[in-house]
Amino acid sequence: MSDLIIYNTLSRKKEIFKPLNPGHVGMYVCGPTVYGEAHLGHSRPAITFDLLFRYLKHLGYKVRYVRNITDVGHLVNDADEGEDKIAKKAKVEELEPMEIVQLYTNSYRRNMGQLNVLPPSIEPSASGHIIEQIEAVQQLIDSGFAYEINGSVYFDVEKFASVHTYGKLSGRKIEDLYSNTRDLDAQSEKRSGLDFAVWKNAAAEHLMKWPSPWGEGFPGWHIECTAMSTKYLGESFDIHGGGLDLLFPHHEAEIAQGMACYGHDPVHYWMHNNLITINGQKMGKSLGNFITLDELFTGSHALLEKAYSPITIRFFILQAHYRSPLDFSNDALQAAEKGLERLLKAVALLDKLIPASVSTVNVPELSDKFYAAINDDLNTPVLIAHLFDGVKLINSANDGKATINEGDLTLLKRLYHDFTFDILGFRSESAEGVSDHEAILGDVVDLLLNLRVEAKNNKDWGTSDKIRNSLIDLGFEIRDNKEGFSWELKK
RNA sequence: GGUCGGUUGGCCGAGUGGUCAGGCAACGGUCUGCAAAACCGUCUACGGCGGUUCGAAUCCGCCACCGACCUCCA
């Protein structure tokens with residue numbers, strides 16, 4: 001089998017993945033800021049790195065996957081400068097800040113569960129790691145790469161750049177950064193416009209603040225990831241992931257902080273997923289053009305023609321490569337919905353296939369193609385295309401136009417189980433949690449269709465068609481076959 | 001303005017210097033009492049202009065358009 005190859009943003013090349021410690025992988029991904037409902041944009045990094053998490057485990061690695069919850073210290077960008085974003089929302093809704101945090105953390109986890117995103121190994125919150133962040137800030141001061149002014153602590157980018165390289169991840173040159181920021185530099189207490197806060201002094205009305213050696217305040221945005229990734233994965237770890245929009249300054253700052261504290265790069269493989277766009281524009285909270293996951297699942301948004309199931313969303317996202325932009329549209333989502341259905345139907349058919357003495361299909365070759373696709377920087381669109389090649393084989397075999405022997409059938413079943421469910425994380429949504437009511441409904445439909453079979457045997461097409469058409473009108477799909485019939489409740 | 005990335009058929013979306021992406025939709029056929037599902041077939045695209053090459057959508061140059069980021073915040 002080929003090696004797993006990952007595109008490393010740091011080198012801008014595809015590289016063979018080699019873990020620092022054989023058999024083990026440490027992976028850190030930037031999680032959500034919990035001050036609002038999760039939207040479609042949030043699902044892309046979650047699903048992308050869930051796929052990687054699942055695949056690494058499939059390959060036999062012991063993976064520690066850390067995805068943080070950001071719940072402190074983010075300033076509002078429009079009005080009320082200096083006020084904590086979470087605190088602001090709290091005032092609006094007259095809730096405790098931590099109540100907001102809990103509310104949206106819960107809803108984020110619920111949405112991720114619906115998308116069949118596995119919980120990470122550790123999901124640390126920034127507010128739970130204030131001590132570690134203060135220690136990291138102190139370490140930066142001790143190393144000489146940060147300075148304190150008026151109760152705030154800033155990272156000294158100029159000093160850092162005199163010893164190390166700043167901007168190597170995002171490809172920015174420090175001279176360009178200077179020339180770009182000259183104008184914006186006026187009001188700041190920072191020594192340079194390039195410097196960024198690692199600890200921020202809190203105003204009196206500020207709700208979320210903690211005591212520190214520099215007074216009451218809250219941690220700078222970038223420091224939480226440095227503190228928490230170091231705590232749980234070490235000073236060096238394998239993979240750091242996140243959205244492309246975090247590349248600069250956030251991830252660049254993380255590298256600088258890591259270098260400043262430990263003298264070496266914290267991360268071996270940087271991975272960035274591209275963004276989901278809507279009408280060609282980034283979907284984001286600040287732009288107000290986002291659709292929440294709950295809205296997608298229920299269809300309650302003006303832009304939605306219908307509801308889309310969580311697994312349809314997952315399929316939609318994985319049918320594009322994670323490094324390509326993906327544009328939202330009803331047409332694309334509906335195409336994904338149909339395609340997913342076709343795939344799952346064929347996988348279900350596998351269990352009903354009867355083995356033949358010889359195979360007319362090459363299952364090992366199909367297997368090689370699956371692995372080659374996913375090993376090539378998680379190329380899920382190609383993987384899914386090959387999955388559909390197999391769907392054709394399965395359906396042909398079911399039609400008696402192809403045959404599969406017992407060994408190949410066993411392999412094929414395992415292959416589809418591994419890739420469709422374990423790795424890609426799809427699942428059949430109708431099958432789960434069948435209530436008593438639904439079970440009885442199923443029996444009633446069977447009853448009607450058995451009556452229809454009787455009518456058909458009597459060539460009573462009128463009654464036969466009446467039963468079928470009435471069920472179709474109610475939203476069922478009816479399929480006749482040699483054994484009798486099968487049915488499905490659509491929508 | 002700077003940096004980086006993109007422009008593929010009706011829609012979505014892969015990919016490669018010469019040979020099938022795949023899904024959805026559409027059309028024709030097989031099957032069926034008629035349908036549905038399934039299968040077979042059709043639909044042959046790569047922003048524009050130059051260049052390299054026996055051959056480029058794939059490499060190079062220029063142009064156009066689009067997007068992300070540009071250090072307060074996400």
Side-chain angles (χ1 to χ4, degrees), chain A residues 9 12 30 32-33 35-36 41 70 73-78 81-85 155 157 166-167 170-173 175-181 184-185 187-188 190 192-197 200 220-222 243-250 252-253 272 274-275 277 280-282 284-286 315-316 319-321 323-340 342-343 345-346 349 373 376 379-389 391-392 394-396 398-402 456 459-461 464-465 468-469 472 476-481 485-488:
Chain A
T9 311
R12 290 169 198 279
C30 292
T33 300
Y35 67 91
T70 296
H74 293 276
L75 304 172
V76 227
N77 57 4
D78 39 23
E81 197 189 333
E83 188 178 14
D84 192 298
K85 221 162 201 172
F155 190 93
V157 172
Y166 182 77
S170 57
R172 280 167 170 77
K173 293 186 174 56
E175 312 86 67
D176 297 339
L177 291 170
Y178 273 122
S179 59
N180 280 335
T181 51
L184 312 165
D185 215 346
Q187 82 292 21
S188 179
K190 296 184 287 188
S192 157
L194 295 187
D195 296 350
F196 55 86
K200 225 25 195 151
W221 174 31
H222 315 302
L244 202 53
D245 52 341
L246 301 175
L247 213 160
F248 189 88
H250 186 232
E252 200 70 74
H272 292 93
N274 215 311
L275 308 176
T277 58
Q281 204 182 30
K282 172 186 173 180
K285 182 108 181 153
S286 55
F315 187 87
F316 168 69
Q319 221 180 4
H321 185 75
R323 285 193 287 118
S324 297
L326 176 60
D327 199 50
F328 162 87
S329 76
N330 280 284
D331 285 350
L333 247 14
Q334 280 161 31
E337 185 174 52
K338 296 261 182 64
L340 171 66
R342 185 165 133 87
L343 173 63
K345 218 182 262 182
L349 248 188
D376 182 15
N379 198 330
T380 52
V382 167
L383 169 60
I384 290 172
H386 291 319
L387 240 27
F388 277 109
D389 292 341
V391 165
K392 202 165 270 192
I394 292 164
N395 286 328
S396 288
N398 185 240
D399 275 12
K401 289 170 181 157
K456 278 173 69 179
K459 299 216 187 302
D460 180 2
W461 309 128
S464 160
D465 288 356
R468 182 181 65 198
N469 294 339
I472 288 171
F476 291 88
E477 181 178 286
I478 312 301
R479 297 183 290 267
D480 290 355
N481 54 46
F485 57 81
S486 66
W487 63 270
E488 202 178 335

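Chain letters run A, B, ... following the sequence lines, proteins first and then strands; every chain starts at 1. Treat the numbers as computed from the prediction; the structure is a model and nothing was measured.
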Enquirer: Mind checking if A:L275 touches a base, just sugar-phosphate, or nothing, with heavy atoms under 4.0 Å?
Expert: sugar-phosphate
Enquirer: Sticking with atom P, work out how far B:A25 lies from B:A57, rounded to a whole angstrom.
Expert: 31 Å
Enquirer: Give one of base, sugar-phosphate or nothing for A:K285, where a contact means two heavy atoms less than 4.0 Å apart.
Expert: nothing
Enquirer: What contact category does A:D327 fall into here, base, sugar-phosphate, or nothing, at under 4.0 angstrom with non-hydrogen atoms?
Expert: sugar-phosphate
Enquirer: Aromatic rings A:Y166 and A:F196: how do their planes relate, parallel, tilted or perpendicular, breaks at 30° and 60°?
Expert: parallel
Enquirer: Sticking with atom C1', work out how far B:A45 lies from B:G22, rounded to a whole angstrom.
Expert: 15 Å
Enquirer: In what stems does RNA chain B take part, counting only runs of at least 3 consecutive Watson-Crick or G-U pairs whose two distances fall under 3.5 Å?
Expert: B:1-7 with B:64-70, B:10-12 with B:22-24, B:26-30 with B:38-42, B:47-51 with B:59-63
Enquirer: Polar pairs (N or O, both sides) under 3.5 Å between protein and nucleotides 6-11 of chain B?
Expert:
none

Enquirer: Shortest non-hydrogen contact from A:G243 to A:H272?
Expert: O-CD2, 3.5 Å
Enquirer: Of the options B:G22, B:G2, B:A14, whose atoms approach the side-chain atoms of A:F388 most closely?
Expert: B:G22
Enquirer: Distance check needed: B:C69 P versus A:Y166 OH, whole Å only.
Expert: 16 Å
Enquirer: Can a salt bridge be assigned to the pair A:D465 and A:R468 using a cut-off of 4.0 Å between side-chain N and carboxylate O?
Expert: yes
Enquirer: Using whole Å, report how far CZ of A:F248 lies from P of B:G5.
Expert: 16 Å
Enquirer: Generate the contact string for nucleotides 30-39 of chain B. Rules: B means base contact, S means sugar-phosphate contact only, - means no protein heavy atom under 4.0 Å.
Expert: ---BBBBSBS
Enquirer: If you check every side-chain atom of A:A385, which of B:C69, B:A21, B:C4 has the closest atom?
Expert: B:A21
Enquirer: Want to settle it: does A:K282 or A:H321 sit nearer the 5' end of RNA chain B, counting the closest nucleotide to each?
Expert: A:H321
Enquirer: Of the nucleotides B:G23, B:C4, B:A14, which one has an atom closest to the side chain of A:Q319?
Expert: B:G23
Enquirer: Considering only atom C1', compute the distance from B:C34 to B:G9 and round it to an integer number of Å.
Expert: 35 Å
Enquirer: Taking atom C1' in both B:G29 and B:G5, compute the distance separating them and give it to the nearest angstrom.
Expert: 45 Å
Enquirer: For B:G67 versus B:C54, give the span between their P atoms, rounded off to a whole number of Å.
Expert: 40 Å
Enquirer: With under 30° as parallel and over 60° as perpendicular, where do the rings of A:F388 and A:F315 fit, or are they tilted in between?
Expert: perpendicular
